[in-house]
Enquirer: 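I have a structure I would like to understand better, so I am pasting it below and will then ask my questions one at a time.
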Amino acid sequence: LISLPHIGTRKRTTLATLVLIVFAMAHILIPKNSTDTASTETVYQRVAINSPRDGLRYLQLDSGFGVQSVYDPTSILTGYYYEYTSLLPYLLNQDLQEKPAQVLIIGLAGGTIARQMHYFFGPKVSLHAIELDPGVTRMANLYMGLKDVPIHITHGDGRQKLAENPNSYDLIIVDTYFNDMQIPWTMTTREFWQVVRRHLNPGGIAAMNIAAIGASKSALVEAVTNTQAHVFPYVYDAKLKEGKNSNHLVILSLAEPNIAQRLDVLPASEIAPLGERITSELTRVHHNTQLTTLTDDRAPIEWLMAKDAIH
């Protein structure tokens, strides 16, 4: 790999992993000839709004290798994984007209998921979010259309704020990243998913976005989903693109969510065709004691990402 003898082991592993990831995903970075529309330094990170020639706006953090949020001023759809999360309210076993879904997004970033969900469901969903960095929220309000979305935002660490939260939700979406493309290990462990489970209403579901970089069969996805299946009896993994470098939408539930049946009868909308992709790529995950289960005592996320990047 690379030699970084004067840096602590965890930081050395993180930097080496990021180098491998950059090489692995070089062809899926945002378009060239990009310029910063705006940028700021917060207590946590550098936040930039990048505007390539494709007309989109990208919210990026730190070195800018990864994309945290996308905003198209002319279209609600972006062509990225975000729009698949707007299928999730259709999986809830409740009449959203009579009882709006209580939705919590952990890792709001620029608000792409929230903006799309508000567009498709309006008052049928009540949106809440936890975002670590208030500076990211300020930039999202200014440049990413978040100011037009009715949403209650709490700032702070996602796991800590969820644990302290007395409320429960019908849908919890976890989409947290730092250092551009790393999932915080604290958001992957058995103990974290137990907290998520405790905050779900009866019949509720949870979901997670996992960016698998490099390997077509991801060690990261395998470990995270196996851990989730230790806590939730129903875990489904949908790979959103063929081959390497794909986002996975993982759906978790305490009761059978009947995903294929519910997505087969979607009302006509811009996201209706996405249901077919989900159902065609759906794989149920059962907990396997022979595979890695991530815990607060052991969650080698950097090593799993590095393993994916070199395969």
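Values below: all heavy atoms of this structure, side chains included; hydrogens, waters and symmetry mates excluded. Position 1 is the first residue of the sequence; numbering continues from there.
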Enquirer: What pair of heavy atoms forms the shortest contact from Ile278 to Ala238, and how long is it?
Expert: CD1-CB, 3.9 Å
Enquirer: May I ask you to decide if Thr293's main-chain N or O and His230's side chain share a donor-acceptor pair within less than 3.5 Å?
Expert: no
Enquirer: May I ask you to check whether Asp170 and Asn201 show a side-chain donor-acceptor distance below 3.5 Å?
Expert: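 Checked: Asp170/Asn201 side chains pair up, N/O donor to acceptor below 3.5 Å.
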Enquirer: What about Ile113 and Leu108, same hydrophobic cluster or not, with Ile/Leu/Val/Met/Phe/Trp/Tyr joined at side-chain heavy-atom distances under 4.5 Å?
Expert: yes
Enquirer: Say whether, by atom type as modelled, one donor and one acceptor occur between the side chain of Asn209 and the main chain of Leu249 under 3.5 angstrom.
Expert: no
Enquirer: Nearest heavy-atom pair of His152 and Thr154: which atoms, and what distance?
Expert: CE1-OG1, 3.6 Å
Enquirer: Within a reach of under 6.0 Å around CD of Glu276, are more than 12 heavy atoms found that belong to other residues, nucleotides or ligands?
Expert: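 12 or below, so no.
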Enquirer: Quick one, Val136 with Leu61, criterion side-chain contact (heavy atoms from CB on, under 4.5 Å). Give me CA distance, side-chain angles, the key distance, then yes/no.
Expert: CA-CA 9 Å; Val136 169; Leu61 305 178; 4.1 Å; yes
Enquirer: Show me the pairs that pass salt bridge (charged side-chain N to carboxylate O under 4.0 Å, His left out) and involve residues 219-238, at least two apart or across chains.
Expert: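 For residues 219-238: Lys217-Glu222.
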Enquirer: Are His248 and Ser246 linked by a side-chain donor-acceptor pair shorter than 3.5 Å?
Expert: no
Enquirer: Go through Glu83 and Glu270 one step at a time and tell me if the side-chain contact (heavy atoms from CB on, under 4.5 Å) criterion holds.
Expert: CA-CA 9 Å; Glu83 32 258 46; Glu270 295 96 323; over 6 Å; no
Enquirer: Taking Gln94 for its side chain and Lys99 for its backbone only, find out whether a donor-acceptor pair lies under 3.5 Å.
Expert: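 Checking the backbone N and O of Lys99 against the side chain of Gln94, a donor-acceptor pair under 3.5 Å is found.
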Enquirer: Is the backbone of Ala260 close enough, under 3.5 Å, to the side chain of Asp264 for a donor and an acceptor to pair up by distance?
Expert: no
Enquirer: Determine whether more than 12 heavy atoms belonging to other residues, nucleotides or ligands lie under 6.0 Å from atom CD of Glu256.
Expert: yes
Enquirer: Can you list everything that forms a side chain to side chain contact (heavy atoms under 4.5 Å, CB included) with Asp148? Sequence neighbours excluded, please.
Expert: none
Enquirer: Checking Ser168 against Gln102 for the side-chain hydrogen bond (donor to acceptor under 3.5 Å, both in side chains) test, could you report, in this order, the C-alpha distance in whole Å, the side-chain angles of both residues, the deciding distance, and whether it holds?
Expert: CA-CA 8 Å; Ser168 57; Gln102 299 297 313; over 6 Å; no
Enquirer: Surrounding CD of Gln97 (heavy atoms of other residues, nucleotides or ligands, distance under 6.0 Å), is the total greater than 12?
Expert: no
Enquirer: May I ask you to decide if Gly145's main-chain N or O and Arg115's side chain share a donor-acceptor pair within less than 3.5 Å?
Expert: no
Enquirer: Sub-3.5 Å donor-acceptor pair from the side chain of Asn226 to the main-chain atoms of Thr292, do we have one?
Expert: yes
Enquirer: Give a yes or no answer on whether the side chain of Asn258 reaches the backbone of Gln261 with a donor-acceptor pair at less than 3.5 Å.
Expert: no
Enquirer: Is there a ring pair (Phe, Tyr, Trp, His ring centres under 6.0 Å) between Tyr71 and Tyr82 once you walk through the steps?
Expert: CA-CA 11 Å; Tyr71 174 56; Tyr82 311 100; over 10 Å; no
